[in-house]
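Below: one structure, written as structure tokens.
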Amino acid sequence: MSKLSLRLRIFLFFCLLALGGTVLTLGALYAGYSRALASTPANGFVFAGILASFGLVALTTGVWLLFDENVAKPIERLSGQLRARAHAGAGLQVDTDAARYLGDLAPAASAITAALSDSAVSTAERIAAETERLATEKARLTALLTEIPVATLLVNADDQIVLYDGQAAEVLAQQAVPRLNAPLADYFDPASLRAARSALMKCGKEISRTLKGLDGQQTYDARMKPTEGGGYMMIIDAAHIEISPEAARPLVYDFDLMQGRSGAKLDETPLSALTFTVFDTETTGLLPHKDEIVQIGAVRVVNGRIVEGEKIDQLVDPGRPIPPASTKVHKVTDAMVAGQPNIARAGRLFHGFARDSVIVAHNAPFDMAFLQRHKGRMGVVWDHPILDTVLLSAVLFGASETHTLDALCERLGVTIPEPLRHTALGDARATAEVLVRMLPMLKARGLDTFGEVITETRRHGRLLEDLN
């Protein structure tokens with residue numbers, strides 16, 4: 001049967017319907033005729049009609065199941081694989097065995113993707129060489145800025161961070177976790193910041209000001225110099241900041257953020273313009289109403305890429321013993337969480353890290369239920385917009401597929417190092433990589449904005465109900 005063409009196979013489905021329907025109708029008429037001889041003609045006709053109706057429904061259901069299993073599902077699976085190769089860069093082979101009943105469609109798809117992959121290899125090699133050159137230049141620039149005892153930030157016209165160096169990261173960390181695209185008001189007193197900004201715009205040249213930290217405890221001597229487009233460079237005297245020689249001092253930046261995007265409605269915002277905070281938790285058990293979080297891991301995605309260095313890997317003291325069965329899964333022990341922050345402090349830390357972003361998780365209702373339960377202790381409101389990669393997977397690959405994180409990683413060519421599997425940060429990183437690969441696939445499906453994606457994911461909400 002696998003050697004039949006797709007057209008012939010579909011023709012046989014219709015032949016089965018026609019032949020089966022004819023046999024059922026004739027059988028029902030014969031049974032009705034026999035019943036009419038034993039009772040009345042009306043009774044016989046009614047019996048024949050009922051028998052034929054049930055038979056046709058059963059036949060149609062059976063043919064649909066055959067068609068769905070052998071044609072519809074393989075086509076949906078094949079289209080998902082092609083989109084993953086075309087838009088997510090997943091270098092997986094097309095599963096021709098799963099599509100063996102589709103005639104020459106799967107081999108033809110495999111051939112064209114292989115040809116495109118071959119032509120892309122030389123392009124990828126050139127890009128890799130150029131990327132290596134740029135990485136070398138960035139390393140030199142980072143080393144140069146490291147030797148200068150000042151903290152450097154580049155800020156756009158909306159007062160959002162576009163670039164910060166290692167010293168600036170230390171300054172910002174005194175107030176909150178450093179984040180690209182975060183407003184400066186998350187780190188410095190808004191009143192002193194507004195006054196400095198006003199003076200800068202008024203004179204149009206470099207000024208010196210003393211800025212207060214958001215906590216009111218710290219003060220910083222800062223110089224501000226305007227740049228093209230309404231942004232400015234901020235240089236803070238970092239001589240008092242102690243950074244060990246072996247400490248990592250990354251230069252974190254995204255110059256696309258210079259444009260600024262404030263004021264746009266969330267539903268109308270393109271996916272590529274959103275900032276995502278992707279997180280995962282490890283817990284004492286699977287019951288959000290009684291179990292507790294023991295670890296929170298999170299990374300940030302800005303302009304469609306994971307921002308290296310911006311992460312949370314926080315152990316949490318659950319205030320109760322961790323069951324051995326749970327420790328066996330996530331490897332977090334009672335000794336590891338002893339002396340760590342409780343959920344109130346850890347939750348506030350994560351809340352600040354996720355400020356002004358879309359929260360993303362795999363099966364988000366499960367993880368968010370733990371945070372929502374303790375929002376009173378944290379003193380925060382969890383009103384962030386949320387995306388769930390389970391639902392995004394259903395939109396892209398069909399609800400009938402498996403949507404576990406492992407299955408999604410395999411489908412998109414994402415590798416989770418074994419030591420990081422079932423750790424909060426490891427699973428958060430894997431979910432972020434999956435998200436980054438799915439964003440261009442969603443755009444290729446015509447889902448450009450956050451509102452369009454949310455509307456589409458709501459069609460698959462039952463999946464989360466079944467998971468939880």
Side-chain angles (χ1 to χ4, degrees), residues 177 276-300 311-355 357 359-384 386-391 393 402-409 416-435 461 463-468:
V177 180
F276 300 98
T277 299
V278 188
F279 88 109
D280 184 61
T281 62
E282 299 300 336
T283 62
T284 59
L286 301 177
L287 300 176
H289 66 280
K290 61 180 293 188
D291 284 308
E292 300 291 345
I293 291 174
V294 299
Q295 189 177 38
I296 300 175
V299 299
R300 298 181 80 244
K311 63 184 179 182
I312 285 180
D313 186 11
Q314 181 63 60
L315 290 168
V316 182
D317 185 349
R320 52 178 284 189
I322 303 174
S326 299
T327 296
K328 188 176 180 180
V329 174
H330 50 56
K331 308 297 188 298
V332 178
T333 65
D334 291 328
M336 292 170 62
V337 299
Q340 296 293 332
N342 62 16
I343 188 59
R345 287 176 55 199
R348 285 195 295 270
L349 174 69
F350 175 61
H351 188 274
F353 186 71
R355 185 176 292 127
S357 69
I359 286 181
V360 181
H362 196 78
N363 189 16
F366 174 80
D367 298 285
M368 290 303 301
F370 286 90
L371 299 176
Q372 290 285 4
R373 185 171 126 230
H374 292 294
K375 63 183 179 181
R377 291 177 61 192
M378 300 175 193
V380 301
V381 177
W382 294 100
D383 55 359
H384 303 67
I386 296 174
L387 270 184
D388 196 307
T389 47
V390 172
L391 300 183
S393 176
T402 303
H403 302 293
T404 63
L405 182 57
D406 284 327
L408 198 49
C409 287
I416 307 176
E418 192 56 37
L420 296 180
R421 189 67 182 97
H422 291 303
T423 66
L425 182 60
D427 286 355
R429 174 77 189 208
T431 305
E433 291 188 24
V434 161
L435 173 69
L463 281 173
L464 295 181
E465 295 177 13
D466 295 338
L467 283 175
N468 298 292

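As the structure is a computational prediction, the values presented were derived from the model and not from experiment.
Listed here is the closest heavy atom pair of Asp388 and Ala364: OD2-N, 2.6 Å. Nearest heavy atoms, Ser357 versus His384: O-CD2, 3.9 Å. In plain terms, the two heavy atoms of Leu425 and Ala298 that are nearest each other are CD1-O, 4.0 Å. Here the shortest heavy-atom pairing between Gly297 and Ala424 reads N-CB, 3.3 Å. The two residues Leu408 and Ser393 have their closest heavy-atom pair at CD1-OG, 3.4 Å. The two residues Pro341 and Leu315 have their closest heavy-atom pair at CD-O, 3.8 Å.
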Pair His362-His403, ring pair (Phe, Tyr, Trp, His ring centres under 6.0 Å): steps then yes or no
CA-CA 9 Å; His362 196 78; His403 302 293; 8.6 Å; no

Under the criterion side-chain contact (heavy atoms from CB on, under 4.5 Å), I'd like the reasoning laid out for Ile296 against Val316: C-alpha separation, chi angles, the key distance, then a yes or no. CA-CA 7 Å; Ile296 300 175; Val316 182; 4.2 Å; yes

Check: Between Leu349 and Gln314, does a side-chain contact (heavy atoms from CB on, under 4.5 Å) hold up when you go through it step by step?
Finding: CA-CA 9 Å; Leu349 174 69; Gln314 181 63 60; 3.9 Å; yes

query = Run the side-chain contact (heavy atoms from CB on, under 4.5 Å) check on Phe366 and Leu286 step by step: do they pass?
reply = CA-CA 8 Å; Phe366 174 80; Leu286 301 177; 4.2 Å; yes

Between Asp427 and Glu282, is a side-chain contact (heavy atoms from CB on, under 4.5 Å) present by the stated rule, with each step listed? CA-CA 10 Å; Asp427 286 355; Glu282 299 300 336; 4.0 Å; yes

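Residue Arg373 places its CZ atom among more than 12 non-hydrogen atoms of other residues, nucleotides or ligands, all under 6.0 Å distant.
Taking CZ of Arg377 as the start and CZ of Arg345 as the end, the distance is 12.0 Å to the nearest 0.5 Å. Atom-to-atom distance recorded for Asp317:CG and Ile293:CD1 is 13.0 Å, nearest 0.5 angstrom. One distance of note links NZ of Lys311 with CZ of Phe353; it measures 10.0 Å at 0.5 Å rounding. The distance from the CD1 atom of Ile312 to the OG1 atom of Thr277 is 8.5 Å, given to the nearest 0.5 Å. The NZ atom of Lys331 sits 11.5 Å away from the CG atom of Leu420 when rounded to the nearest 0.5 Å. Annotation: the span from Ile343 atom CD1 to Met378 atom CE amounts to 4.0 Å, rounded to 0.5 Å.
Proximity of a side-chain donor or acceptor of Asp334 to a complementary backbone N or O of Ile322 within less than 3.5 Å is detected. At distances below 3.5 Å, at least one donor-acceptor pair connects side-chain atoms of His351 with backbone N or O atoms of Val381.
Scanning for side chain to side chain donor-acceptor pair (under 3.5 Å) contacts around Thr283 gives an empty result, with sequence neighbours left out. Partners of Gln372 according to the side chain to side chain donor-acceptor pair (under 3.5 Å) rule, which considers only residues two or more places apart in sequence or in another chain, do not exist here. In this structure Asp291 satisfies the side chain to side chain contact (heavy atoms under 4.5 Å, CB included) test together with Thr284, Leu287, Arg320, Phe370, sequence neighbours excluded.
Using cut-offs of 30° and 60° on the angle between ring planes, the pair Phe279 and Phe350 is tilted.
Between Val294 and His330 the shortest side-chain heavy-atom distance falls below 4.5 Å. Side-chain atoms of Leu387 and Ile359, non-hydrogen and from C-beta on, never get closer than 4.5 Å to each other.
A salt bridge is absent between Asp280 and Arg429; no separation between the charged side-chain nitrogens and carboxylate oxygens falls under 4.0 Å.
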